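Report on the structure given below.
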Amino acid sequence: MSVLPKALFLNRIIRSNFGRPSFPYKLTFAVTYRCNLRCKTCLIWSKEPKQELSLDEISEFFKRSNGFSWVDLTGGEIFLREDLPEIIDIILSNCRSLCILHFPTNGQLTEKALMAAEKIRNDSRAAPVVTVSIDGPEGIHNRIRGSENAWKKAVDTFIELKKSGLRHVYIGYTISEFNIGKIDETFLEIKNLYPLLNYNDIHANLFHTSQHYLNNSSIDAPKNDLVLEEYGYLQKKRRNKKLKYILEKRYFAMAPRYLATKKMPVKCQALGSSFFLDPYGDIYPCSIFDRKISNIRDIGYDLKKIWNNGEKLADTRNDILNKNCDGCWTPCEAYPSLLGSL
């Protein structure tokens with residue numbers, strides 16, 4: 001990664017501490033809601049299929065809206081889009097200041113994950129960050145995911161990505177009512193197959209509900225005290241002082257405040273430094289707040305048309321600042337908010 005994009009990214013992070021950016025540095029883009037698993041914690045797979053943005057539309061959007069330093073590609077399972085390599089090419093070609101390109105996967109399509117990660121690594125302009133979702137020891141993970149082979153495939157994908165030489169490959173562990181108290185057992189089962197595993201490889205996050213994204217508002221969250229025990233255990237096992245782990249330590253440290261209030265414990269950066277784009281072109285503040293702002297087709301694929309002068313966007317941003325939103329502490333929103341509250 002060249003020095004200039006990194007310097008620009010750092011500059012944008014610092015400036016976000018003093019005012020709203022003139023253009024967001026982070027985009028979370030759900031490229032599809034299709035999924036090849038039937039998870040108990042996420043009901044995206046139950047959504048009625050609709051016409052997703054075409055490759056030409058995605059290209060037009062990134063040509064006109066290309067000032068991102070950090071892009072998260074998410075789903076559904078993103079590798080169910082056959083044109084994902086082309087989407088990655090579009091992002092890399094247009095976002096010249098890109099520093100981070102992150103994507104999660106359920107790990108069921110190992111070869112496609114390896115090909116995508118290799119494509120980003122060879123480009124060298126952006127750091128590829130890959131998260132493989134594993135939510136328990138084998139039996140529990142398979143029950144959560146609704147497939148008897150889900151755990152083995154996910155672990156195989158994680159190991160192969162690690163062996164490929166990528167620097168940033170992690171396990172994404174969502175703490176829910178289905179796996180509470182099982183993080184150590186999960187770690188030991190995976191370490192049995194991959195002896196180099198350490199607790200810094202596991203990124204835990206809180207279970208959340210979302211109507212417009214996860215479609216899982218009917219599912220209950222685990223009890224707060226049990227969640228905090230899990231977080232506390234994981235933190236005691238960590239031995240790393242790099243920036244990303246310092247951020248995660250702050251994320252864990254502020255979790256009790258969120259769990260007590262159900263409100264973000266720092267100033268939220270949704271519609272400030274970041275926003276969420278769904279597979280159909282609809283713009284939302286984030287993955288949680290169910291308030292559609294616009295559709296990229298209606299603004300000529302140019303985010304700048306509404307970012308600094310859109311009335312609905314401004315009103316929604318004010319609601320977020322006044323904590324009149326659904327509230328969350330999901331890493332997608334918490335990390336840019338922590339960076340904007342240094």
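Computed from a predicted structure; not experimentally measured.
Note on residues 323-342: no pairs pass salt bridge (charged side-chain N to carboxylate O under 4.0 Å, His left out), not counting sequence neighbours.
At a cut-off of 3.5 Å, with distance as the only test, a side-chain donor of Asn295 or Asp282 sits close to an acceptor on the other residue. Defined by atom type and a distance below 3.5 Å, a donor-acceptor pair is present between the side-chain atoms of Ser217 and Gln211. Thr32 and Glu77 form no side-chain donor-acceptor contact under 3.5 Å, judged by distance and modelled atom types alone. Counting only N and O atoms by type, the side chains of Arg38 and Ser147 include no donor and acceptor under 3.5 Å apart. The closest side-chain donor-acceptor pair between Lys112 and Thr110, if any, does not fall under 3.5 angstrom. Side-chain polar atoms of Asn149 and Trp151 form no donor-acceptor pair below 3.5 angstrom. Donor-acceptor pairing under 3.5 Å is lacking for the side chains of Asn216 and Thr209. One side chain, Tyr199 or Asp184, offers a donor N or O that lies under 3.5 Å from an acceptor on the other. One side chain, Thr131 or His102, offers a donor N or O that lies under 3.5 Å from an acceptor on the other.
To the nearest 0.5 angstrom, Ile13 atom CD1 is 7.5 Å from Trp70 atom CH2. In this structure, CD1 in Ile296 is found 12.0 Å from NZ in Lys305, a value given to the nearest 0.5 Å.
Taking the charged nitrogens against the carboxylate oxygens, Lys223 and Asp225 have no contact shorter than 4.0 Å, which rules out a salt bridge. Looking at Lys182 and Glu230, no side-chain N of the basic residue comes within less than 4.0 Å of a carboxylate O on the acidic one, giving no salt bridge. Remark: Glu57 engages Arg297 in a salt bridge, criterion side-chain N to carboxylate O under 4.0 Å.
The side-chain tip of Arg20 points at the ring of Trp307 from less than 6.0 angstrom away and within 45° of straight on. Remark: Lys47 qualifies as a cation-pi partner of Tyr33 under the 6.0 Å distance and 45° angle criteria applied to the six-membered ring.
Atom NZ of Lys152 is surrounded by 12 or fewer heavy atoms from other residues, nucleotides or ligands within 6.0 Å. The number of heavy-atom neighbours closer than 6.0 Å to CZ of Arg291, taken from other residues, nucleotides and ligands shown, is above 12. Applying the 6.0 Å contact sphere to NZ of Lys267 captures more than 12 heavy atoms from other residues, nucleotides or ligands. Atom CD of Glu86 sits in a crowded spot, with more than 12 heavy atoms from other residues, nucleotides or ligands closer than 6.0 Å.
A centroid separation of less than 6.0 Å is found between the aromatic rings of Phe23 and Phe68.
Residues meeting the salt bridge (Lys or Arg N to Asp or Glu O under 4.0 Å) test with Lys191, sequence neighbours left out: none. Here Ser210 pairs with His212, Tyr213, Leu214, Ile288 under the side chain to side chain contact (heavy atoms under 4.5 Å, CB included) rule; sequence neighbours left out.
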